[in-house]
Structure formats: structure tokens, C-alpha cells
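Quick caveat, the model's predicted, so the values are computed rather than measured. Residue numbers begin at 1 in each chain, while the letters A, B, ... track the order of the sequences.
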Number of protein chains: 2
Amino acid sequence: MKGYLWTGGHGSPSNPDAPVIEGRLAPWEAIAVDAVGNVIEFWGFKRNQGRVWALLYLRGEPLTAGEIERELDLSKGGVSMLLRDLERWGVIQRVRLPQDTVWRYGAETDLVRMVRHVIEEREAGFVARIRADLAEARRLAEVAGQVPSDRLERLEKMATLAEHVERALRLFIKTSRLDVSGVLAVFRDGASRRNER
Amino acid sequence: MKGYLWTGGHGSPSNPDAPVIEGRLAPWEAIAVDAVGNVIEFWGFKRNQGRVWALLYLRGEPLTAGEIERELDLSKGGVSMLLRDLERWGVIQRVRLPQDTVWRYGAETDLVRMVRHVIEEREAGFVARIRADLAEARRLAEVAGQVPSDRLERLEKMATLAEHVERALRLFIKTSRLDVSGVLAVFRDGASRRNER
DNA sequence: GGTGCAGTTCAAGCGGTCTTGAACTATATG
DNA sequence: CATATAGTTCAAGACCGCTTGAACTGCACC
């Protein structure tokens, strides 16, 4: 969790040559951004994906890649990849302002959808494979013959357990969808609907 | 190094140059054991913790550390540490047979409890911290003054979201507890009651 | 064309985790 | 006590994913 290292510090002298636009995160922003980063990391994503989304969301208006790079102290290449991931997942949106020549990126409000989506995907592929493996093991054990029946039984139970865990997981996803949809509504009400395109 | 031969499909165990030197593990066992290893890794534990538990569970009778070492092709030290972890979590039991001089380890049936327990723990400390961070960010933002009100609003919403996600998570834990308790009963019925001491 | 900036790609490096293997302790046995 | 075997500890190193930074493409304007 290196993110917490620089929440206190970051005392780099403001570069006089840097573009005048606030080159640096406010402390409260840094904390919030890192908090989201930690959550997102917890869910199996990259910490910086969460930080980027959080920054965009907090700012409320689209930023350029360069701005993100400066604010979060990331590398150019890194920002590019992070933005691509986030865009692919539909949690940020790439916009080009009429008179402008550069892309800007704005946060969609449903980070949750991304988490849910990837969890679903992971779960789908992963749990399917586990079940397939256990089924295969069972098949092999039967074919091999001379496997004590109590061991076969235990194998069977293992498969049962896997199925139940899978069910619980699906239920969770459904649940969270329901529970969170209310929050999303809240998000949409606010004064943050300035997504020009 | 360690012959995790789980690379590539496992349709047939005829992996040409697989290091099957120790080879006591039947192919179906290897698959099942690895499947559990994957699940457990998915939940944030060490893969080999899952493999050890699975082996002990499938065998149904307590094994010595040396046997585990050979069957799973692990190092002496590694097995020692893995067993200690598992025992601490209460998912295996250390037993000493009457006439014997060495410790043996037997699987408890509730791997699920361990997973749930650790999830709960992680969740507790972790989510608490996130909430604290967001609260702190809010405080700082207010103190700092001159923060645009719409940004403050968004920060607020972020905290709300965090709370909802937390609720969903708690619900999941409760759910899985309910859903899985049925399975545990199934486990307990079977012919696997071997707790000699 | 040439210059400059935005954006992408990817090999190399970094940092964190897991495993190993040897040194060590503990315990039983002759 | 000497020996042997079981079990523990931990520094060193393997391993693996993330980030970096430089080379590259693409585009706009002069």
C-alpha cells in the first residue's frame, strides 16, 4: 500500500514552469482518491485504476491524460493503459470538447457496475473451471477403479460444496445489484450532470 | 520447480516430462487437490494451504508432515508453516495416534468457516479504514474551505456508496453462512467421522 | 517536409509475496 | 551421551504482477 506513503509528503516544490492549472492534489483529495484505490485493489483490480476513477469523479469535469498523470504522479504509459482499461469497462468516458484537440476523460458514476461486471466474469470462468475440474477428477477416479468408496464420497461432497459456494456468490451479485441500484440513483440526482460530449 | 502441473489442459495425465517422481498422488487426486488450491487462492489464501487441506480431506485419515511433503511435492519448511496456519484457523487437527510418535494431521470439514472467518476479519478492518479515510477527507475538505460545493457533494456520495457496498458485503457473509450451513450438514453425515486421538 | 504534442506499446526493472533449504531445536531411543 | 528423526525458523532467492520510460505512431499546424 504505497499510496499511503505519500499522503503526508508530496512536498515537491511547485514547478514554476508547469502549466498554471493546479498541478497538485489537495490533501483531502489525495486521501479520498487513495481510499478508492484501496477498495478497488481489494476487489482485485489495480489500485491506480481506482485512483484514476476517483480523481475523475471528484473533479466532476473531464481531465486530460496529462493532467491525470500530474495529479496522481503516474507515468505517461501507465495512464494510457489505465484509461484504456477503465474505458473498456465503461466506467469512464472519453470526450472531445468542441473547440479542443485533446481527449478528455470523465467518470461515469457506476464504478459499482465495473466491479460487479468483473466479479461476474471472474466468477463465471473461474467457478466453471473448478466444477469442471472436480467433475473430471470424479470421472478419472471412477475409471481408475479400486478407489475406496469413502474417498469417492468425499470427492462428491467437495463438488457439492463448490456448487453451494457458487450459488452463494451468484446470490451476492444479485443482492449487491439490488442494494446498490438505490445508491446509483442518488448519484444521478446530484449537481454532477455536466457530461458534455 | 514444484510440479504444479496445472498448466495446460488436464484432459489426460499423460504429461510427457512431468516430474512425477514422487507420483504417489493419483491423477484424480491431483486434479481435485489443485482445484481446491485454486479456489482457496481465489479467496486470498495461499494456494498450497488449499492443497494441503484438500489432500487431508480426501484421504480421510490423518497424514504426517512427511507424507504431505512427498505427496504434494513441497518443502519441509513449507509444510510446517502451512500446517501451522491451517491448524491455527481450525481447519485441520493435529492428532497423535496411541502407539505412534509422530504428529498426524487430519482435515476438519469446515474449510468454509475458515474462508468466511478471514473474509469477515478482512472486511471488518478494511472497510472500517476506508470509511475513516473518507470521513477524514471530508473533514479536511471542510477545514480547507473554498472547496467547490459540488465536489464536496461528490465526496459525500462516495462515502454513501462505500456504506452501501459494506452493507452488501455483510449481507453476503450472512447469506453464505446460511446457504452453506446446509452443506456442512451433508459433510457431517457421511462416512468420514474419523477423529481418533 | 518538419516540429511538437498526444497517445500507445512493451521490454526492463521494481517491489512484494511465496518457497526453499539449511541451520537450528526438540524429542525419542539405544 | 550419541544418534536419529520430527518439526521450526528465517534469510536468500524464485516468482509474478505492476509500473516505468523510452521508442514509436498519429495528428495538427506551420
Undergrad: Using whole Å, report how far CD of A:E41 lies from C1' of C:dG15.
TA: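 Rounded to whole Å, this separation is 13 Å.
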Undergrad: Rounded to the nearest angstrom, tell me the gap between atom NZ in B:K46 and atom P in C:dG16.
TA: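 One finds 17 Å between P of C:dG16 and NZ of B:K46, rounded.
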Undergrad: Indicate whether OP1 or OP2 belonging to C:dT19 is found under 4.0 Å from a side-chain N or O atom of B:N48.
TA: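 Yes.
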Undergrad: Nearest whole Å is fine: how far is C:dT20 C1' from B:L72 CG?
TA: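 From B:L72 CG to C:dT20 C1': 16 Å.
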Undergrad: Between the side chain of A:R51 and the main-chain N/O of A:V36, is any donor-acceptor distance below 3.5 Å?
TA: no
Undergrad: Grab the CG-P distance between B:D73 and C:dG21 for me, whole Å please.
TA: 10 Å
Undergrad: Report the distance from atom CZ of B:R70 to atom C1' of D:dT5, rounded to the nearest whole Å.
TA: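 Taking CZ of B:R70 and C1' of D:dT5, I get 13 Å after rounding.
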Undergrad: The criterion is side-chain hydrogen bond (donor to acceptor under 3.5 Å, both in side chains); which residues satisfy it with A:R84, sequence neighbours excluded?
TA: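 Once residues adjacent in sequence are excluded, A:R84 has no partner under the side-chain hydrogen bond (donor to acceptor under 3.5 Å, both in side chains) criterion.
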Undergrad: In whole angstrom, give the distance that lies between atom CD1 of B:I68 and atom P of C:dT19.
TA: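 Checked: the CD1 to P distance equals 14 Å.
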Undergrad: When you measure from the side chain of B:W53 to the backbone N and O of B:E108, does any donor-acceptor pair fall under 3.5 Å?
TA: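 Yes: the side chain of B:W53 pairs with the backbone of B:E108.
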Undergrad: Just how far, in rounded Å, is P of D:dC16 from CZ of B:R47?
TA: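 Those two atoms, CZ and P, are 11 Å apart.
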Undergrad: Hey, is A:K76 close enough to A:E69 for a salt bridge, meaning N to O under 4.0 Å?
TA: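 No, no charged N to carboxylate O under 4.0 Å.
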Undergrad: Among pairs that include at least one residue of residues 78-112 of chain B, which meet ring-ring contact (aromatic ring centres under 6.0 Å, His included), considering only residues two or more places apart or in two chains?
TA: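 Counting only pairs at least two positions apart or across chains, the ring-ring contact (aromatic ring centres under 6.0 Å, His included) contacts touching residues 78-112 of chain B are B:F45-B:W89.
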Undergrad: Between D:dG21 atom C1' and A:E69 atom CD, what is the distance in whole Å?
TA: 11 Å
Undergrad: Kindly say whether A:Q93 contributes a backbone atom to a donor-acceptor pair with the side chain of A:E87 at under 3.5 angstrom?
TA: no
Undergrad: Provide a list of protein-nucleic acid N or O atom pairs under 3.5 angstrom, restricted to nucleotides 7-13 of chain C.
TA:
unit_1: C:dG7; atom_1: OP1; unit_2: A:W103; atom_2: N; d: 3.0
unit_1: C:dG7; atom_1: N7; unit_2: A:K76; atom_2: NZ; d: 2.1
unit_1: C:dG7; atom_1: O6; unit_2: A:K76; atom_2: NZ; d: 3.4
unit_1: C:dT8; atom_1: OP2; unit_2: A:S80; atom_2: OG; d: 2.7
unit_1: C:dT8; atom_1: O5'; unit_2: A:S80; atom_2: OG; d: 3.4
unit_1: C:dT9; atom_1: OP2; unit_2: A:R84; atom_2: NE; d: 3.4
unit_1: C:dT9; atom_1: OP2; unit_2: A:R84; atom_2: NH2; d: 3.0

